[in-house]
Amino acid sequence: MFDLGYNASLVAIGAGLLGLAAGVTGTFLFLRKRALVSDAISHSTLPGVALAFIVMVSFGGDGRSLVGLMAGSALSAAAGLLAVGWLTRRTRLAEDAAIGVVLSVFFGLGIVLLTVIQAMSAGRQAGLEGYLLGSTAGMLRTDALIIAVGGALVLALVALLRRMLIVTAFDPEFAGSIGIDTGRADLAMMGLVLAVTVVGLKIVGLILIVALLILPPVAARFWSDRAGSVALIAGGIGGVSGAVGAMLSVSAPALPTGPIIVLVAFAIFAMSMLFAPRRGVVAALIRHLSFRNRVHLRQGLLALAQGQPVYEALTRRLLRRAGLIRADGVATGAGTAQAAKALLDERRWQWLRASEGTGAAAARYDGLTPIETVLTADQIARIDSQLRPGGLV
Amino acid sequence: MIGTEFVPLSLPPLLIGTLAALACALPGNFLVLRRQALIGDAISHVVLPGIVVAFLLTGRVSTWPMMLGAGGAALLAVLMIEVIRRAGKIEPGAAMGVVFTTLFAAGVLLLEQSDTSAVHLDVQHALYGNLESLIWLDALGWNSLLDPVALAGLPTELPRMALVLVGVIGFIWLFWRPLALSTFDEGFARSLGIATGPLGLGLVVIAAMAAVAAFDAVGSIIVIAMFICPPAAARLMTNRLSLQVAWSQGFAGLAAVSGYVLAGYGPLWLGYAHAVSAAGMIATVSGLILALAALFGPCRARLGQPAG
């Protein structure tokens with residue numbers, strides 16, 4: 001399957017570059033909480049594609065020139081973007097309503113124009129439906145080249161503007177205070193989103209290009225808290241999804257490129273959400289369980305130390321598994337020793353928290369932290385000298 | 001217009017389109033006010049995998065399994081959005097974007113992988129619907145409307161859409177006060193003992209129901225456009241919720257009727273032989289209505305902001 005032809009390799013490289021650029025650009029959009037604006041932008045490319053086709057045909061051209069269609073889509077996407085901005089600023093509609101209005105109306109207009117084209121070129125397939133879901137089948141070499149170069153150009157632009165974009169995305173007020181014009185940064189961000197959309201139109205299709213802008217940053221957010229790293233990781237995820245998706249899609253029939261790329265990106269997202277080290281679901285679950293077990297173990301040991309029987313099933317199971325009690329609930333040798341240690345620890349803490357002027361150290365008490373990790377040996381010795389012998393206080 | 005042609009060919013699609021527009025615009029009013037306008041967009045995307053799975057399971061293009069599949073997919077999407085939002089602490093817009101694009105991609109892939117060449121099921125159909133093909137062959141003219149034999153041959157979409165519209169009206173009429181309260185001031189509504197969580201979910205379910213029924217008849221463009229455009233335009237006309245709902249219904253009906261007529265007869269008036277997509281034209285007209293409302297609507301500006 002990796003015996004790709006020249007065209008297919010170009011497409012895979014182009015899709016990879018596009019995914020990289022989309023991942024990084026999408027990060028800024030995601031951090032600014034405006035991910036869905038890209039949905040309006042991508043849907044509003046359709047009337048532009050159709051109009052460009054009509055214009056090119058009526059001037060005697062073929063109508064399928066990728067550059068012409070891309071130019072048309074860029075113009076109408078810009079019109080859609082302006083419409084979203086105008087509706088949000090000038091009327092009391094919220095941004096989500098403005099997005100919905102623009103995407104549905106522009107898309108509807110595009111469909112009307114597509115049916116006009118069908119009537120115009122009755123019998124001859126215009127092939128514009130390929131722009132809805134993306135297709136690489138039968139792609140011309142020049143098209144593949146245009147996409148690869150386009151992806152590289154967008155990426156270069158992102159690299160050029162990265163500082164301004166990262167700072168604005170992470171903290172707009174700070175960005176303003178160091179002299180960055182946040183309005184212009186947002187404009188640049190939207191321009192990049194538009195460029196990604198236009199370049200990706202042919203491969204991924206206008207309905208699914210948003211996925212390439214949203215999925216990688218959301219996945220990358222699980223791996224890092226730093227805006228710069230999130231952008232880099234998102235770029236990596238987007239690049240891998242684009243390249244792998246494009247290669248998979250040419251490897252077998254009936255594997256449409258756009259959906260495959262999106263599903264690869266989703267697989268990476270799902271992995272990230274489950275298995276990322278700190279923010280992942282599994283990590284959170286493990287953290288939760290281990291905390292619960294430590295609480296149960298500690299309470300069980302304290303009960304043992306005071307000679308009280310342990311009835312709670314989970315606590316018994318944990319104590320037993322650690323070899324601290326026997327099956328009948330009586331403490332083993334190790335259990336007795338650890339129980340005594342836990343009790344001593346608890347008494348030291350109690351003394352510490354009851355005394356004056358130990359606020360900072362006493363505030364570290366959570367019922368689990370051994371006091372040795374907070375105080376020095378001397379301090380503990382001083383506490384011990386004041387503890388009364390016998391049970392808790 | 002002459003009845004012998006209009007009644008069988010144009011009346012049913014016109015009625016179905018109008019009913020679908022009305023049914024979507026009603027819950028749309030609340031979705032727009034609650035800043036959940038894009039739920040309609042998300043639902044209409046995830047309907048595709050639902051109907052494809054239903055088709056693969058039953059092997060036939062039949063209505064009820066597909067409606068069930070679509071409804072199931074819509075619920076699955078809402079569930080996935082909630083899980084991703086909570087478990088991943090992701091903002092709702094991005095979570096929605098993740099879910100609906102993925103499910104749509106899965107639907108397209110399933111569709112391409114399965115052999116649907118024998119049946120009328122493809123992505124284009126899902127997007128634009130086939131409003132124009134919902135014709136009533138048994139009708140001979142206006143008097144067929146009184147003829148029970150001919151009425152039995154009406155496209156099944158018509159009674160189904162009417163039923164869904166009645167259901168939507170019923171839900172909103174029944175829960176008008178709690179819906180209005182929780183839309184404008186959720187905290188206050190909760191303090192009055194209104195279960196705002198289930199109510200919000202109910203609204204989404206009702207919206208999904210309208211979307212799924214309308215989608216089957218008219219495609220997802222009209223669904224998205226009608227969820228958002230008429231209510232958004234109505235919002236710029238008035239400050240009262242009841243008036244807004246009335247305006248939205250008027251706009252939805254106007255868009256459906258004039259969009260259908262323009263698509264069917266407009267090109268003929270201009271001298272072209274082919275009609276254009278009715279679904280696309282209805283969406284376009286609803287956009288024009290919104291543009292007019294945004295330019296001239298009496299309540300277009302935010303409070304405290306100069307109109308203009």
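Labels below follow one simple rule: chain letters A, B, ... track the order of the sequence lines, proteins then strands, and each chain is numbered from 1.
Remark: A:Ile111 CD1 to B:Ile221 CD1 distance equals 4.0 Å, nearest 0.5 Å.
Looking at A:Arg92, its side chain does come within 3.5 Å of a backbone N or O of B:Arg235 through a donor-acceptor pair. Counting only distance, with no hydrogens or angles, the side chain of B:Arg35 and the backbone of A:Asp96 share no donor-acceptor pair below 3.5 Å.
Using a 4.5 Å heavy-atom cutoff, the side chains of B:Glu91 and A:Leu31 are not in contact. Using a 4.5 Å cut-off on side-chain heavy atoms (C-beta onward), B:Leu290 and A:Leu87 make contact. In this structure, A:Phe269 and B:Thr102 have side chains that are not in contact, with every pair of non-hydrogen atoms separated by 4.5 Å or more.
When the candidates B:Pro231, B:Ala106, B:Cys299, B:Ala95 are compared by the number of heavy-atom contacts under 4.5 Å with chain A, B:Cys299 comes out ahead. Counting heavy-atom pairs closer than 4.5 Å to chain B, the top-ranked of the candidates A:Gly205, A:Ala97, A:Ala265, A:Pro217 is A:Ala97. Between chain A and the residues B:Val223, B:Ile282, B:Ile84, B:Leu288, the most heavy-atom pairs under 4.5 angstrom are made by B:Ile84. Each of B:Val32, B:Leu236, B:Val285 has some count of heavy-atom pairs under 4.5 Å with chain A, and the biggest count is that of B:Leu236. Among the candidates B:Gly93, B:Ser220, B:Ala278, B:Ser44, the residue making the largest number of heavy-atom pairs closer than 4.5 Å to chain A is B:Gly93. Counting heavy-atom pairs under 4.5 Å between each of A:Ile261, A:Val210, A:Val101 and chain B puts A:Val101 at the top.
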Intermediate values then yes/no, side chain to side chain contact (heavy atoms under 4.5 Å, CB included), A:Asp39 and B:Asp41: CA-CA 10 Å; A:Asp39 207 21; B:Asp41 181 32; 2.8 Å; yes

Intermediate values then yes/no, side chain to side chain contact (heavy atoms under 4.5 Å, CB included), A:Leu36 and B:Leu38: CA-CA 9 Å; A:Leu36 287 175; B:Leu38 291 170; 3.6 Å; yes

Output, in order, the C-alpha distance, side-chain angles, deciding distance and verdict of side chain to side chain contact (heavy atoms under 4.5 Å, CB included) for A:Leu255 and B:Gln113. CA-CA 7 Å; A:Leu255 290 180; B:Gln113 290 278 309; 3.2 Å; yes

Stepwise side chain to side chain contact (heavy atoms under 4.5 Å, CB included) test for A:Val105 and B:Cys229: CA-CA 8 Å; A:Val105 172; B:Cys229 293; 3.6 Å; yes

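Only the side chain of A:Ile260 has a heavy atom closer than 4.5 Å to any heavy atom of chain B. The part of A:Val281 that comes within reach of chain B is its side chain, from C-beta onward, which places non-hydrogen atoms under 4.5 angstrom from that chain. Proximity to chain B (any heavy atom under 4.5 Å) is shown, for A:Leu213, by neither the backbone nor the side chain. Both the backbone and the side chain of B:Ala94 come within less than 4.5 Å of a heavy atom in chain A. With a 4.5 angstrom heavy-atom cutoff, A:Phe222 touches chain B only via side-chain atoms. Neither the backbone nor the side chain of A:Leu113 has a heavy atom closer than 4.5 Å to any heavy atom of chain B. For A:Leu132, the part lying under 4.5 angstrom from a heavy atom of chain B is the side chain only. Contacts of B:Phe227 with chain A are absent, with no heavy-atom separation under 4.5 Å from either backbone or side chain. For A:Leu133, the part sitting under 4.5 Å from any heavy atom of chain B is the side chain, from C-beta outward, and nothing else. Neither the backbone nor the side chain of B:Ile222 comes within contact range of chain A; no heavy atoms are under 4.5 Å apart.
Residue pairs that meet the side-chain hydrogen bond (donor to acceptor under 3.5 Å, both in side chains) test with at least one member in residues 266-277 of chain A, sequence neighbours left out, are A:Trp223-A:Ser272.
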